[in-house]
Amino acid sequence: MPKTIRNQFDKYLTYDKLMEAHNKSKAGKCRKTELIRFNLKQEEYIMYLYEQLKNGTYKHGGYTEFYVTEPKLRKIEKSRYIDRIVHRWVVDNFLLDAFASQFIDTSFACIKNKGMHKAAFCVQKYMRKAKAKWGDYYVLKTDVSKYFNSINKKILLQILGRKIKDKKLMWLMHQILYAQPREVGIEIGNYTSQILANIYLNEVDQYIKHELKVKYYVRYLDDSILLLPTKAEATSVLKKIEIFLRNKLELKLNKKTRVFKGKQGINFCRL
(Lines give C-alpha, C1' and ligand atoms only; values in the text may rest on other atoms or scores of the structure.)
Protein backbone atom coordinates (compact mmCIF):
# COMPACT_ATOMS: atom_id res chain seq x y z
CA MET A 1 0.00 0.00 0.00
CA PRO A 2 1.52 3.38 -0.99
CA LYS A 3 1.94 6.16 1.55
CA THR A 4 -1.06 7.95 0.01
CA ILE A 5 -4.17 5.95 -0.85
CA ARG A 6 -5.41 6.84 -4.34
CA ASN A 7 -7.91 4.90 -6.46
CA GLN A 8 -7.66 1.80 -4.27
CA PHE A 9 -11.30 1.37 -3.23
CA ASP A 10 -12.49 -0.46 -6.35
CA LYS A 11 -9.27 -2.47 -6.54
CA TYR A 12 -9.92 -4.07 -3.16
CA LEU A 13 -13.70 -4.18 -3.46
CA THR A 14 -14.18 -7.79 -4.58
CA TYR A 15 -16.46 -10.60 -3.57
CA ASP A 16 -13.45 -12.59 -2.36
CA LYS A 17 -12.13 -9.75 -0.19
CA LEU A 18 -15.53 -9.27 1.45
CA MET A 19 -15.88 -13.03 2.01
CA GLU A 20 -12.41 -13.02 3.58
CA ALA A 21 -13.53 -10.22 5.91
CA HIS A 22 -16.63 -12.24 6.78
CA ASN A 23 -14.58 -15.36 7.58
CA LYS A 24 -12.29 -13.37 9.87
CA SER A 25 -15.20 -11.58 11.55
CA LYS A 26 -17.07 -14.79 12.36
CA ALA A 27 -14.08 -16.59 13.89
CA GLY A 28 -15.05 -17.95 17.31
CA LYS A 29 -18.62 -16.62 17.06
CA CYS A 30 -20.38 -19.20 14.89
CA ARG A 31 -22.91 -20.15 17.56
CA LYS A 32 -24.42 -16.68 17.79
CA THR A 33 -27.95 -16.43 16.36
CA GLU A 34 -27.20 -13.39 14.20
CA LEU A 35 -24.27 -15.16 12.59
CA ILE A 36 -26.13 -18.46 12.10
CA ARG A 37 -28.79 -16.61 10.13
CA PHE A 38 -26.19 -14.78 8.08
CA ASN A 39 -24.32 -17.99 7.25
CA LEU A 40 -27.47 -19.59 5.83
CA LYS A 41 -27.35 -17.12 2.93
CA GLN A 42 -23.83 -15.79 3.19
CA GLU A 43 -23.17 -15.74 -0.57
CA GLU A 44 -26.30 -13.66 -1.18
CA TYR A 45 -25.51 -11.28 1.67
CA ILE A 46 -21.91 -10.78 0.54
CA MET A 47 -23.02 -10.06 -3.03
CA TYR A 48 -25.66 -7.65 -1.72
CA LEU A 49 -22.99 -5.86 0.34
CA TYR A 50 -20.66 -5.77 -2.66
CA GLU A 51 -23.32 -4.12 -4.83
CA GLN A 52 -24.14 -1.53 -2.15
CA LEU A 53 -20.49 -0.56 -1.74
CA LYS A 54 -19.95 -0.57 -5.49
CA ASN A 55 -22.81 1.77 -6.35
CA GLY A 56 -22.47 3.99 -3.24
CA THR A 57 -25.81 3.08 -1.63
CA TYR A 58 -24.36 1.42 1.46
CA LYS A 59 -25.74 2.81 4.72
CA HIS A 60 -24.30 1.80 8.07
CA GLY A 61 -27.02 0.50 10.38
CA GLY A 62 -27.72 1.37 13.99
CA TYR A 63 -26.24 -0.01 17.19
CA THR A 64 -27.24 -2.24 20.08
CA GLU A 65 -26.01 -0.94 23.44
CA PHE A 66 -24.86 -2.96 26.44
CA TYR A 67 -22.48 -2.51 29.37
CA VAL A 68 -19.40 -4.37 30.57
CA THR A 69 -17.92 -4.05 34.06
CA GLU A 70 -14.34 -5.28 33.50
CA PRO A 71 -11.87 -3.67 33.79
CA LYS A 72 -14.34 -0.84 34.51
CA LEU A 73 -17.92 0.06 33.68
CA ARG A 74 -18.13 0.91 29.98
CA LYS A 75 -20.90 1.23 27.42
CA ILE A 76 -20.36 -0.95 24.33
CA GLU A 77 -22.16 -0.12 21.10
CA LYS A 78 -22.48 -3.17 18.86
CA SER A 79 -23.13 -2.75 15.13
CA ARG A 80 -24.98 -5.13 12.81
CA TYR A 81 -22.96 -8.12 11.68
CA ILE A 82 -22.98 -7.04 8.02
CA ASP A 83 -21.50 -3.70 9.09
CA ARG A 84 -18.79 -5.48 11.06
CA ILE A 85 -17.73 -7.15 7.81
CA VAL A 86 -17.26 -3.68 6.31
CA HIS A 87 -15.20 -2.62 9.36
CA ARG A 88 -12.90 -5.62 8.93
CA TRP A 89 -12.57 -5.03 5.17
CA VAL A 90 -11.63 -1.37 5.67
CA VAL A 91 -9.08 -2.05 8.40
CA ASP A 92 -7.39 -5.05 6.77
CA ASN A 93 -7.19 -3.62 3.26
CA PHE A 94 -6.57 0.07 3.90
CA LEU A 95 -6.02 1.42 7.40
CA LEU A 96 -3.46 -1.07 8.70
CA ASP A 97 -1.13 -0.80 5.71
CA ALA A 98 -1.44 2.95 5.32
CA PHE A 99 -1.30 4.05 8.96
CA ALA A 100 0.08 1.36 11.28
CA SER A 101 3.45 1.46 9.54
CA GLN A 102 3.73 5.10 10.60
CA PHE A 103 3.17 4.41 14.31
CA ILE A 104 6.11 4.77 16.68
CA ASP A 105 7.75 1.56 17.85
CA THR A 106 6.63 2.11 21.43
CA SER A 107 2.89 2.26 20.72
CA PHE A 108 1.62 -1.11 21.93
CA ALA A 109 -2.19 -1.26 22.00
CA CYS A 110 -4.27 -3.10 19.38
CA ILE A 111 -1.23 -3.85 17.21
CA LYS A 112 -0.28 -7.34 16.06
CA ASN A 113 2.57 -8.95 18.04
CA LYS A 114 2.46 -6.23 20.70
CA GLY A 115 0.15 -5.77 23.70
CA MET A 116 0.20 -4.93 27.42
CA HIS A 117 2.94 -7.37 28.45
CA LYS A 118 5.39 -6.09 25.84
CA ALA A 119 4.53 -2.53 26.85
CA ALA A 120 5.37 -3.42 30.46
CA PHE A 121 8.68 -5.01 29.44
CA CYS A 122 9.56 -1.91 27.41
CA VAL A 123 8.85 0.38 30.38
CA GLN A 124 11.03 -1.80 32.64
CA LYS A 125 13.85 -1.65 30.08
CA TYR A 126 13.56 2.13 29.83
CA MET A 127 13.59 2.44 33.64
CA ARG A 128 16.86 0.55 33.82
CA LYS A 129 18.34 2.77 31.12
CA ALA A 130 17.09 5.95 32.81
CA LYS A 131 18.55 4.82 36.13
CA ALA A 132 21.91 4.07 34.55
CA LYS A 133 21.95 7.34 32.61
CA TRP A 134 20.57 9.83 35.14
CA GLY A 135 20.57 8.13 38.52
CA ASP A 136 17.40 9.72 39.84
CA TYR A 137 14.69 10.20 37.24
CA TYR A 138 11.00 11.09 37.08
CA VAL A 139 7.98 9.33 35.62
CA LEU A 140 5.24 11.25 33.84
CA LYS A 141 2.13 9.09 33.59
CA THR A 142 -0.62 10.48 31.36
CA ASP A 143 -4.17 9.25 30.91
CA VAL A 144 -6.68 10.81 28.50
CA SER A 145 -10.06 11.54 30.02
CA LYS A 146 -12.93 9.48 28.52
CA TYR A 147 -10.85 8.86 25.43
CA PHE A 148 -13.16 7.06 22.97
CA ASN A 149 -16.04 9.34 23.93
CA SER A 150 -13.90 12.44 23.35
CA ILE A 151 -12.55 11.80 19.83
CA ASN A 152 -13.65 14.58 17.51
CA LYS A 153 -14.84 13.05 14.23
CA LYS A 154 -14.13 16.13 12.15
CA ILE A 155 -10.52 16.22 13.34
CA LEU A 156 -10.20 12.47 12.81
CA LEU A 157 -11.44 12.76 9.22
CA GLN A 158 -8.93 15.54 8.61
CA ILE A 159 -6.12 13.28 9.87
CA LEU A 160 -7.36 10.42 7.68
CA GLY A 161 -7.65 12.76 4.71
CA ARG A 162 -3.94 13.53 4.74
CA LYS A 163 -3.24 10.01 3.51
CA ILE A 164 -6.55 8.96 1.98
CA LYS A 165 -7.06 10.73 -1.34
CA ASP A 166 -9.61 8.16 -2.50
CA LYS A 167 -13.05 9.82 -2.48
CA LYS A 168 -14.91 6.52 -2.22
CA LEU A 169 -12.91 5.40 0.80
CA MET A 170 -13.40 8.75 2.53
CA TRP A 171 -17.13 8.48 1.80
CA LEU A 172 -17.15 5.08 3.50
CA MET A 173 -15.19 6.34 6.51
CA HIS A 174 -17.78 9.10 6.86
CA GLN A 175 -20.56 6.49 6.72
CA ILE A 176 -18.92 4.48 9.49
CA LEU A 177 -18.08 7.42 11.74
CA TYR A 178 -21.44 9.16 11.41
CA ALA A 179 -23.68 6.11 11.73
CA GLN A 180 -24.25 7.68 15.14
CA PRO A 181 -25.15 11.33 14.36
CA ARG A 182 -22.86 12.97 16.88
CA GLU A 183 -19.74 15.01 16.31
CA VAL A 184 -17.72 13.68 19.25
CA GLY A 185 -17.12 10.08 20.30
CA ILE A 186 -16.54 6.79 18.48
CA GLU A 187 -17.99 3.40 19.38
CA ILE A 188 -15.78 1.21 21.58
CA GLY A 189 -17.18 -2.01 20.09
CA ASN A 190 -16.23 -1.33 16.46
CA TYR A 191 -13.25 -3.15 14.92
CA THR A 192 -12.37 0.13 13.21
CA SER A 193 -12.33 2.02 16.51
CA GLN A 194 -9.15 0.36 17.76
CA ILE A 195 -6.96 1.53 14.91
CA LEU A 196 -8.76 4.88 14.59
CA ALA A 197 -8.02 5.53 18.26
CA ASN A 198 -4.34 4.79 17.59
CA ILE A 199 -4.32 6.99 14.48
CA TYR A 200 -5.75 9.87 16.50
CA LEU A 201 -3.16 9.65 19.30
CA ASN A 202 -0.34 9.03 16.85
CA GLU A 203 -0.49 12.81 16.44
CA VAL A 204 0.69 13.31 20.01
CA ASP A 205 3.17 10.42 19.68
CA GLN A 206 4.90 12.22 16.83
CA TYR A 207 4.86 15.48 18.77
CA ILE A 208 6.42 13.89 21.87
CA LYS A 209 9.10 12.00 19.95
CA HIS A 210 10.06 14.58 17.32
CA GLU A 211 9.18 17.96 18.78
CA LEU A 212 9.68 17.40 22.50
CA LYS A 213 12.34 14.76 21.77
CA VAL A 214 11.44 12.52 24.70
CA LYS A 215 13.55 9.40 24.29
CA TYR A 216 11.84 7.15 26.83
CA TYR A 217 8.16 7.14 25.91
CA VAL A 218 5.65 4.27 25.84
CA ARG A 219 1.94 4.40 24.99
CA TYR A 220 -0.75 1.79 25.46
CA LEU A 221 -3.88 3.31 23.87
CA ASP A 222 -4.68 6.40 26.01
CA ASP A 223 -2.21 5.56 28.82
CA SER A 224 1.36 6.79 28.43
CA ILE A 225 4.61 6.66 30.37
CA LEU A 226 7.41 9.19 29.87
CA LEU A 227 10.72 9.11 31.73
CA LEU A 228 12.56 12.42 32.26
CA PRO A 229 15.75 13.34 34.17
CA THR A 230 14.21 15.98 36.46
CA LYS A 231 10.85 16.85 37.98
CA ALA A 232 11.01 20.32 36.40
CA GLU A 233 11.46 18.85 32.93
CA ALA A 234 8.68 16.32 33.49
CA THR A 235 6.33 19.09 34.61
CA SER A 236 7.27 21.23 31.62
CA VAL A 237 6.63 18.35 29.20
CA LEU A 238 3.29 17.68 30.86
CA LYS A 239 2.15 21.25 30.29
CA LYS A 240 3.17 21.12 26.63
CA ILE A 241 1.33 17.84 26.11
CA GLU A 242 -1.79 19.25 27.74
CA ILE A 243 -1.71 22.26 25.40
CA PHE A 244 -1.17 20.06 22.33
CA LEU A 245 -4.01 17.70 23.24
CA ARG A 246 -6.38 20.57 23.93
CA ASN A 247 -5.54 22.69 20.88
CA LYS A 248 -4.90 20.00 18.24
CA LEU A 249 -7.13 17.09 19.27
CA GLU A 250 -9.67 18.63 21.68
CA LEU A 251 -8.73 16.13 24.38
CA LYS A 252 -7.86 16.59 28.03
CA LEU A 253 -5.95 14.56 30.58
CA ASN A 254 -7.73 13.14 33.61
CA LYS A 255 -6.85 13.16 37.29
CA LYS A 256 -4.73 10.02 37.00
CA THR A 257 -2.07 12.03 35.20
CA ARG A 258 0.84 12.65 37.56
CA VAL A 259 4.58 13.14 37.94
CA PHE A 260 6.51 11.08 40.49
CA LYS A 261 10.02 9.92 41.25
CA GLY A 262 11.03 6.74 39.45
CA LYS A 263 12.10 3.51 41.02
CA GLN A 264 13.03 0.03 39.92
CA GLY A 265 10.44 -2.74 39.81
CA ILE A 266 7.46 -0.47 39.20
CA ASN A 267 4.54 -2.25 37.53
CA PHE A 268 3.37 -0.47 34.38
CA CYS A 269 -0.03 -2.17 34.61
CA ARG A 270 -0.61 -0.57 38.03
CA LEU A 271 0.60 2.93 37.26
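Owing to the predicted nature of the structure, the values given are computational and were not obtained by experimental measurement.
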Enquirer: Give a yes or no answer on whether the side chain of S107 reaches the backbone of F103 with a donor-acceptor pair at less than 3.5 Å.
Expert: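 The answer is no, because no donor-acceptor pair under 3.5 Å joins these two groups.
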Enquirer: Stepwise, does the side-chain contact (heavy atoms from CB on, under 4.5 Å) test hold for L212 with I241?
Expert: CA-CA 9 Å; L212 301 184; I241 292 172; 4.0 Å; yes
Enquirer: What residue pairs, at least two apart or across chains, pass salt bridge (charged side-chain N to carboxylate O under 4.0 Å, His left out) with a residue in residues 47-61?
Expert: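 Non-adjacent pairs meeting salt bridge (charged side-chain N to carboxylate O under 4.0 Å, His left out): D10-K54.
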Enquirer: Looking at every heavy atom in both I104 and K209, which two are closest together, and how far apart are they?
Expert: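 It is CG2-CG, 4.1 Å.
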Enquirer: Can you find a heavy atom in the side chain of K168 that is under 4.5 Å from one in the side chain of L172?
Expert: no
Enquirer: Can you confirm whether more than 12 heavy atoms, excluding those of K165, are under 6.0 Å from its NZ atom?
Expert: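 Buried by this count: over 12 neighbours within 6.0 Å.
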Enquirer: Not counting sequence neighbours, which residues clear side-chain contact (heavy atoms from CB on, under 4.5 Å) with K167? List them please.
Expert: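 Counting only residues at least two positions away or on another chain, K167 forms no side-chain contact (heavy atoms from CB on, under 4.5 Å).
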Enquirer: Determine whether the aromatic ring centres of H22 and F38 lie less than 6.0 Å apart.
Expert: yes
Enquirer: Is it true that H87 and H60 share a donor-acceptor pair across their side chains at a distance under 3.5 Å?
Expert: yes
Enquirer: To check you understand the geometry: which heavy-atom pair defines the closest contact between S101 and A98, and what is its length?
Expert: OG-O, 4.1 Å
Enquirer: Going by the rule side-chain hydrogen bond (donor to acceptor under 3.5 Å, both in side chains), which residues pair with D136 if we only count those two or more places apart in sequence or in a different chain?
Expert: none
Enquirer: Test: salt bridge (charged side-chain N to carboxylate O under 4.0 Å, His left out). Region: residues 37-50. Which pairs qualify, not counting sequence neighbours?
Expert: none
Enquirer: Taking all heavy atoms of P181 and all of A179, pick out the closest pair and write down the distance.
Expert: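 Nearest pair, atom of P181 first, then A179: CD-O, 3.7 Å.
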Enquirer: Taking only residues two or more places apart in sequence or in another chain, which ones pass ring pair (Phe, Tyr, Trp, His ring centres under 6.0 Å) with W134?
Expert: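 W134 satisfies ring pair (Phe, Tyr, Trp, His ring centres under 6.0 Å) with Y216 only.
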Enquirer: Could you measure the distance from the CG atom of L169 to the CD1 atom of I164? Nearest 0.5 Å is fine.
Expert: 4.5 Å
Enquirer: Which distance, rounded to the nearest 0.5 Å, do you find between the NZ of K240 and the CG of L245?
Expert: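 CG of L245 is found 14.5 Å from NZ of K240.
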Enquirer: For Y58, what residues pass the side-chain hydrogen bond (donor to acceptor under 3.5 Å, both in side chains) criterion, not counting sequence neighbours?
Expert: D83
Enquirer: Is any side-chain heavy atom of Y48 less than 4.5 Å from a side-chain heavy atom of L53?
Expert: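 Heavy-atom side-chain distance check fails, nothing below 4.5 Å.
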Enquirer: Just checking K231: does its NZ atom have more than 12 heavy atoms from other residues, nucleotides or ligands closer to it than 6.0 angstrom?
Expert: no
Enquirer: Taking distance alone, no hydrogens or angles, what donor-acceptor pairs closer than 3.5 Å link side-chain atoms of residues 183-202 to residues at least two apart or in another chain?
Expert:
| residue | atom | partner | partner atom | Å |
| --- | --- | --- | --- | --- |
| E183 | OE1 | Y178 | OH | 3.2 |
| E183 | OE2 | K154 | N | 3.2 |
| E183 | OE2 | Y178 | OH | 2.6 |
| E187 | OE1 | N190 | ND2 | 3.4 |
| E187 | OE2 | R182 | NH2 | 3.2 |
| N190 | ND2 | Y63 | OH | 2.9 |
| Y191 | OH | R88 | NH1 | 2.9 |
| S193 | OG | E187 | O | 2.3 |
| N198 | OD1 | R219 | NH1 | 3.0 |
| N198 | OD1 | R219 | NH2 | 3.3 |
| N198 | ND2 | A109 | O | 2.7 |
| Y200 | OH | N152 | N | 3.3 |
| Y200 | OH | L249 | O | 2.7 |
| N202 | OD1 | Q206 | NE2 | 3.0 |

Enquirer: Run the side-chain hydrogen bond (donor to acceptor under 3.5 Å, both in side chains) test against T57 and tell me which residues pass, sequence neighbours left out.
Expert: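 T57: side-chain hydrogen bond (donor to acceptor under 3.5 Å, both in side chains) contacts with N55.
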Enquirer: Report yes if the distance between the aromatic ring centroids of Y220 and F108 is under 6.0 Å, otherwise no.
Expert: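 Here the rings of F108 and Y220 have centres that are no less than 6.0 Å from each other.
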Enquirer: Applying side-chain contact (heavy atoms from CB on, under 4.5 Å), run through E242 and L238 and close with a yes or a no.
Expert: CA-CA 6 Å; E242 286 179 316; L238 172 57; 4.1 Å; yes
Enquirer: Both conditions, 6.0 Å and 45 degrees, for the charged tip of K141 above the ring of F260: are they met here?
Expert: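 Because its charged atom misses either the 6.0 Å distance or the 45° angle limit, K141 does not stack over F260.
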Enquirer: Do W89 and Y12 have ring centroids that are under 6.0 Å from one another?
Expert: no
Enquirer: What I'd like to find out is whether the side chain of K32 reaches to under 4.5 Å of the side chain of I36, using heavy atoms alone.
Expert: no
Enquirer: Before giving the answer on side-chain contact (heavy atoms from CB on, under 4.5 Å), spell out for V139 and L226 the whole-Å C-alpha distance, their side-chain angles and the decisive distance to 0.1 Å.
Expert: CA-CA 6 Å; V139 178; L226 300 83; over 6 Å; no
Enquirer: Could you work out, with side-chain hydrogen bond (donor to acceptor under 3.5 Å, both in side chains) as the rule, every residue matching D143, not counting sequence neighbours?
Expert: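 N254.
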Enquirer: Can you list every salt bridge (charged side-chain N to carboxylate O under 4.0 Å, His left out) pair that touches residues 103-118, not counting sequence neighbours?
Expert: none
Enquirer: Taking C-beta and beyond as the side chain, do F66 and E77 meet within less than 4.5 Å on heavy atoms?
Expert: no
Enquirer: What's the spacing between Q180 CD and E65 CD if we round to 0.5 Å?
Expert: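 The CD atom of Q180 sits 7.0 Å away from the CD atom of E65.
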Enquirer: I want to check something: taking the side chain as every heavy atom from C-beta on, are L18 and L13 in contact at a cut-off of under 4.5 Å?
Expert: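 In contact.
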Enquirer: What is the minimum heavy-atom distance between A130 and Y137, and which atoms define it?
Expert: CB-CG, 3.9 Å
Enquirer: Using the side-chain contact (heavy atoms from CB on, under 4.5 Å) criterion, which residues pair with K252? Sequence neighbours excluded.
Expert: S145
Enquirer: Nearest 0.5 angstrom please: R162 CZ to Q102 CD, how far?
Expert: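 Those atoms lie 11.5 Å apart.
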Enquirer: Could you walk me through whether L49 and Y15 satisfy the side-chain contact (heavy atoms from CB on, under 4.5 Å) test, starting with their C-alpha distance in whole Å, then the side-chain angles of each, then the deciding distance to 0.1 Å, before giving a yes or no?
Expert: CA-CA 9 Å; L49 182 57; Y15 176 89; over 6 Å; no
Enquirer: Suppose we screen for side-chain contact (heavy atoms from CB on, under 4.5 Å). Which residues come up paired with E34, at least two apart in sequence or across chains?
Expert: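 Expected list: K78, R80, Y81, R84.
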